[in-house]
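Notes to accompany the following structure.
Chain A is the first sequence line, chain B the second, and so forth, proteins listed ahead of strands; every chain is numbered from 1.
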There are 2 protein chains.
Amino acid sequence: MTTAAAAAPRLDPRVARSRAAVLTATVQLLIERGIAGATVEAVAARSGVAKTTIYRQWPDQPSLVLDAFSSLLAAQEPPDTGTLREDLLQMLRGLAAALTTSPAAALMPALIDAAERQPAYRALHHREAEARHSSLRTVLGRGIERGELPPGTEVDLLVDLLAGPLFHRRWVSDRVLDDHFATAVVDTVLLGTHRSPHSNPRTGGPRC
Amino acid sequence: MTTAAAAAPRLDPRVARSRAAVLTATVQLLIERGIAGATVEAVAARSGVAKTTIYRQWPDQPSLVLDAFSSLLAAQEPPDTGTLREDLLQMLRGLAAALTTSPAAALMPALIDAAERQPAYRALHHREAEARHSSLRTVLGRGIERGELPPGTEVDLLVDLLAGPLFHRRWVSDRVLDDHFATAVVDTVLLGTHRSPHSNPRTGGPRC
DNA sequence: ACGTTTCGCTACGGGGCCGTAGCGTATGAT
DNA sequence: ATCATACGCTACGGCCCCGTAGCGAAACGT
């Protein structure tokens with residue numbers, strides 16, 4: 001009975017309310033001032049929740065920030081249009097849009113930077129990245145089954161080839177990142193993979 | 001008199017010494033603890049230079065950190081082997097090696113994160129990125145002149161297509177980043193670009 | 001209506017870092 | 001040898017943030 005009760009604890013609405021307010025304020029502060037600026041005191045001031053209340057729900061600042069980060073996890077479902085190209089276009093266009101418009105995208109560098117040194121952030125970063133890549137892997141796997149990609153295709157390589165250019169353009173080149181760019185990436189990579197130059201040169205192209 | 005003297009200031013060796021010690025310590029602290037950890041007090045402790053001396057040469061902490069960042073600028077000369085593929089292989093392999101081994105590479109996420117919010121860091125980041133890309137652009141330009149790339153090739157797109165996957169693998173996928181990977185990227189992108197980089201969407205893309 | 005839980009508020013000691021001042025000492029230039 | 005300069009050291013007021021304690025008030029569950 002105790003285990004059953006602990007499994008489905010109906011939450012006190014007061015807890016839920018303050019918890020939501022705190023997380024919202026934390027995300028805002030993370031975007032505006034970075035991890036270092038997401039102070040417990042600042043979160044308390046911004047959210048209207050007392051500092052002591054925050055400490056009643058989170059042991060320390062890193063726990064709170066990690067919680068705020070994971071509250072943003074929103075992995076999209078893998079599309080299934082019937083064509084590999086269409087699936088990839090849909091995914092990369094969605095990614096491009098998310099990287100340019102979503103305010104949450106702005107704090108990905110902060111997560112990567114923190115992951116470079118702190119194990120907890122590192123684990124979270126990998127979890128989120130894996131969640132994003134799994135959809136891509138699913139789509140690519142279907143492409144292989146359909147014969148749109150050669151059988152020996154290295155899926156991991158393709159993931160970097162497809163997603164990498166979008167990230168690079170957003171945070172390094174700092175140029176326009178739109179549907180046209182996403183389309184160009186998909187087509188170039190698909191065309192370049194069609195003959196699988198690195199893995200299986202003997203079999204030539206599938207049906208060229 | 002004052003203007004003439006300021007025009008050619010031979011540096012006091014004491015200044016040069018403390019300056020070098022401070023910058024070295026700052027870089028170390030940046031790598032170990034990030035920007036927030038590169039405190040003037042910590043730098044003073046690590047370098048053995050008194051805190052007051054640091055303030056005599058830098059007005060505040062951001063100036064010091066920016067100075068430390070720019071002391072790491074080392075853009076490689078564009079190679080000229082005669083073949084576009086060889087040039088690109090050399091450059092991307094060098095980049096892959098730098099991203100994996102160089103301790104300075106570890107603080108690129110920190111720079112990108114800071115650039116997201118602070119204009120000074122943003123300017124520095126763009127300056128460094130531009131320096132890296134210019135060599136790549138030079139090599140690609142020669143490829144177009146030689147006819148190894150179609151005349152209308154979008155060089156900016158190629159830069160992201162080539163460099164992006166390396167960054168993505170280093171900081172998102174967190175998988176092996178070696179010569180083999182760099183080679184696969186170069187070959188896929190070159191093959192994919194050999195015909196039109198983005199074919200017409202009406203027919204369903206680059207089908208053969 | 002009743003106990004229980006969570007809340008907001010105030011206050012606190014502790015710590016870290018900021019940026020400056022003053023002063024004697026060591027190192028450099030001439 | 002002399003003068004100028006940069007140095008290290010100590011000390012300081014100020015600020016921000018940490019995490020905890022104690023209290024009464026308000027909101028909840030039954």
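Listed by chain and residue number, A:Val15, A:Ser18, A:Arg19 satisfy the side-chain contact (heavy atoms from CB on, under 4.5 Å) test with A:Gln57 (two or more places apart in sequence, or in another chain). Taking the side-chain contact (heavy atoms from CB on, under 4.5 Å) definition, one finds that B:Ala45 meets it with nothing, sequence neighbours left out. Residues meeting the side-chain contact (heavy atoms from CB on, under 4.5 Å) test with B:Ala123, sequence neighbours left out: B:Arg127. For A:Arg175, the side-chain hydrogen bond (donor to acceptor under 3.5 Å, both in side chains) test picks out B:Asp156, with sequence neighbours left out. Taking A:Gln76 as the reference, A:Met91 meet the side-chain contact (heavy atoms from CB on, under 4.5 Å) condition, with sequence neighbours excluded.
Pairs of residues two or more places apart, or lying in two chains, that qualify as ring pair (Phe, Tyr, Trp, His ring centres under 6.0 Å) and include a residue from residues 97-139 of chain B are A:His168-B:His133. The stretch residues 100-116 of chain A participates, sequence neighbours left out, in these side chain to side chain donor-acceptor pair (under 3.5 Å) pairs: A:Asp113-A:Arg117, A:Glu116-B:Arg170, A:Glu116-B:Trp171. Residues in residues 50-70 of chain B take part in no ring pair (Phe, Tyr, Trp, His ring centres under 6.0 Å) pair, two or more places apart or across chains.
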Legend entry - Summary of protein contacts for nucleotides 24-30 of chain D, nucleotide by nucleotide, where a base hit scores B, a sugar-phosphate-only hit scores S (4.0 Å, heavy atoms): --BBSS-
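Within residues 55-64 of chain B, the residues having any heavy atom closer than 4.0 Å to DNA chain D are, in order of number, B:Arg56, B:Gln57. Shown for residues 38-54 of chain B: residues whose heavy atoms fall under 4.0 angstrom of DNA chain C, namely B:Thr39, B:Val40, B:Glu41, B:Lys51, B:Thr52.
A:Arg85 has a carboxylate O that lies under 4.0 Å from a charged side-chain N of A:Asp187, or vice versa, which qualifies the two as a salt bridge. Comment: B:Glu130 engages B:Arg137 in a salt bridge, judged by a side-chain N to carboxylate O separation of less than 4.0 angstrom.
A side-chain donor-acceptor contact under 3.5 Å links B:Arg93 and B:Thr183.
A 4.5 Å side-chain heavy-atom check between A:Val189 and B:Val189 finds every atom pair outside the cut-off.
Five base pairs at each end of the helix from C:dG3-D:dC28 to C:dT30-D:dA1 define two local axes, and these are offset by 40° (rounded to 10°).
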